[in-house]
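Side-chain atoms are counted along with the backbone in the values below, which use heavy atoms only and exclude waters and symmetry mates.
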Amino acid sequence: MTPRCPRPLRPGDRIGVTSPSSGAPAAERAAELTAMLTDPEIRAVVPPWGGETGIDLLPLLDFAEIGRAEPTWVVGYSDVSGLLAPLTLLSGWATVHGNNLMDTPYGTPGGLLSWLDVVEAPQGGPFTQAPPGRHRSGGWDDFARHPEVRDPGLDTEGTWTRLDGTGDVDVSGRLIGGCIEILANLAGTPYLDTVELAPGEPLLVYVEACEDSAFSICRNLHGMRLAGFFDRAAAILVGRTKAPDSSTLTQHEAVLDALGPLGVPVVADVECGHVAPYLPLVNGARGRVEHTAARSAITQTLDRGTLD
């Protein structure tokens, strides 16, 4: 199965806003989400924020029925990644791990794209993103009091870090991944089975920690590896995190303890997690990761062979 990409978003297209993780009983949320995903007039679905228990929707969604509909862009991260990966793996749609709606007003720093840039990208054309060299050290803006805020407040320097060793990285594969605390609960189930994703091609797997301690993240990553989620990984991308270190184990050490045995490049502090800014990644797209002393970048291609 090669994921189908929705057509590029155009001016005047309708965007559906729904919260898969909160605000109503599960059956109501599942029905509203399904209606939006299968409505040909809705070209993208973007949740306002992440959430906590979107996992309760999964058995209520008919992924085969959704897969028969014209693909719609679905965008989000955090708890929403527990919906994005199954949509790619079971419905065969490319999905965007990127900003939620509440993050969208922020300006995009040089080197990165917003999720809107990605879903508006021309069919068949590759796009490259590079770390801006700065990130936000902490805190959230109060949009209720200050709706005019556009500055993401990137007050700290930092770029990508190779954890498994030294040397240049130049690896390609199909992208799949999401939030560790969410995906760990799906490992070993049909909702996170990568066997049918672009058979014969390697994978670029990205993961990121939201808030769990280093020991919890270590256990979760070990479990995901034992369940086979990383079996086809040609490289691992790890999102920058503010999740706490433990007294004898850092977040970086936790990743390396669990994923070092894979023997593939592990590149950390990528802008694909809960620390602004955000680097959108398309589940199912072809990707190429480059990381050298002089350059770090990821190029994604929504190739014509996967487009709807």
Side-chain angles (χ1 to χ4, degrees), residues 15-24 26 29-30 33 36-37 44-58 61 73-89 94-106 108 112-116 118-119 135-143 152-153 175-187 191-192 205-214 216-217 220-221 224 229 236-244 251 254-255 268-283:
I15 295 175
V17 178
T18 185
S19 179
S21 299
S22 62
R29 285 184 276 126
L33 178 61
M36 288 188 178
L37 295 177
V45 175
V46 186
W49 44 69
E52 298 292 342
T53 57
I55 192 171
D56 60 1
L57 262 64
L58 296 181
L61 297 174
W73 285 114
V74 185
V75 184
Y77 77 111
S78 194
D79 195 55
V80 181
S81 62
L83 170 66
L84 300 177
L87 277 172
T88 297
L89 297 172
T95 58
V96 182
H97 185 271
N99 326 50
N100 293 321
L101 187 65
M102 292 299 293
D103 305 308
T104 301
Y106 287 124
T108 304
L112 301 184
L113 301 173
S114 75
W115 70 265
L116 283 166
V118 172
V119 301
H135 61 274
R136 185 166 183 154
S137 62
W140 303 96
D141 291 307
D142 187 342
F143 281 113
L175 285 156
I176 191 71
C179 180
I180 296 167
E181 292 95 327
I182 305 306
L183 296 189
N185 297 284
L186 302 181
Y191 301 107
L192 204 62
V205 181
Y206 64 92
V207 291
E208 58 95 11
C210 172
E211 59 188 5
D212 281 0
S213 72
S216 292
I217 292 300
N220 283 343
L221 289 175
M224 293 167 71
F229 182 61
I236 310 292
L237 302 179
V238 183
R240 181 176 288 113
T241 185
K242 295 194 292 286
Q251 290 283 339
V255 171
D269 299 322
V270 178
E271 293 80 4
C272 62
H274 281 70
V275 178
Y278 306 98
L279 186 159
L281 295 171
V282 179
N283 288 319

Closest heavy-atom pair and its distance - Ala209, Ile217: CB-CD1, 3.5 Å
Check against side chain to side chain contact (heavy atoms under 4.5 Å, CB included), Lys242 and His274: CA-CA 8 Å; Lys242 295 194 292 286; His274 281 70; 5.7 Å; no
side-chain hydrogen bond (donor to acceptor under 3.5 Å, both in side chains) partners of Asn185, counting only residues at least two apart: none
From CG (Leu237) to CG (Leu281), nearest 0.5 Å: 7.0 Å
From CA spacing to verdict: side chain to side chain contact (heavy atoms under 4.5 Å, CB included), Val205, Met224: CA-CA 12 Å; Val205 181; Met224 293 167 71; over 6 Å; no
Closest non-hydrogen atom pair, Tyr77 against His97: CB-NE2, 3.6 Å
Test side chain to side chain contact (heavy atoms under 4.5 Å, CB included) applied to Leu33 and Leu83, step by step: CA-CA 11 Å; Leu33 178 61; Leu83 170 66; 3.6 Å; yes
Heavy-atom pair of closest approach, residues Ser81 and Pro86: O-CD, 4.2 Å
Those residues that, when tested against Phe229, pass ring pair (Phe, Tyr, Trp, His ring centres under 6.0 Å) (two or more places apart): none
Side-chain heavy-atom pair Leu186, Leu58 within 4.5 angstrom cut-off: yes
Partner of Leu116 by side-chain contact (heavy atoms from CB on, under 4.5 Å), out of Thr104, Val46, Val75, Thr108: Thr104
Minimal non-hydrogen separation, Gly51 against Asp79, with atom names: O-CB, 3.4 Å
Separation between CD of Glu52 and CD1 of Ile182, rounded to the nearest 0.5 Å: 7.0 Å
Considering all heavy atoms, the nearest Thr18-Pro48 contact: O-CD, 3.4 Å
Contacts of type side chain to side chain contact (heavy atoms under 4.5 Å, CB included), residue Asn283, not counting sequence neighbours: Leu84, Thr88, Thr95, Ile176, Tyr206
Pairwise distance CG(Asp56) to OG(Ser21) - rounded to 0.5 angstrom: 8.0 Å
Matching residue for Tyr106 among Tyr278, Trp115, Phe143 - test: ring-ring contact (aromatic ring centres under 6.0 Å, His included): Phe143
Closest contact, heavy atoms only, Gly82 versus Leu183: CA-CD2, 4.3 Å
Residues that Pro280 engages under side chain to side chain contact (heavy atoms under 4.5 Å, CB included), provided they are two or more places apart: Val96, Asn99, Val118, Gln129
Under 3.5 Å: donor-acceptor pair, side chain of Arg29, backbone of Leu57: no
Distance, nearest 0.5 Å, that separates CZ of Arg136 from CG of Asp141: 4.0 Å
Side-chain (Glu181) to main-chain (Cys210) donor-acceptor, under 3.5 angstrom: yes
Asp103: salt bridge (Lys or Arg N to Asp or Glu O under 4.0 Å) partners, not counting sequence neighbours: none
Worked check of side chain to side chain contact (heavy atoms under 4.5 Å, CB included) between Val255 and Leu221: CA-CA 7 Å; Val255 171; Leu221 289 175; 3.9 Å; yes
Reported CD-to-OG distance for the pair Glu211 and Ser78, which is rounded to 0.5 angstrom: 8.0 Å
Test item: Gln251 side-chain N/O and Asp212 main-chain N/O as donor-acceptor pair under 3.5 Å: yes
Non-neighbouring partners of Pro277 that pass side chain to side chain contact (heavy atoms under 4.5 Å, CB included), sequence neighbours left out: Pro109, Leu112, Pro132, His135, Leu154, Glu271
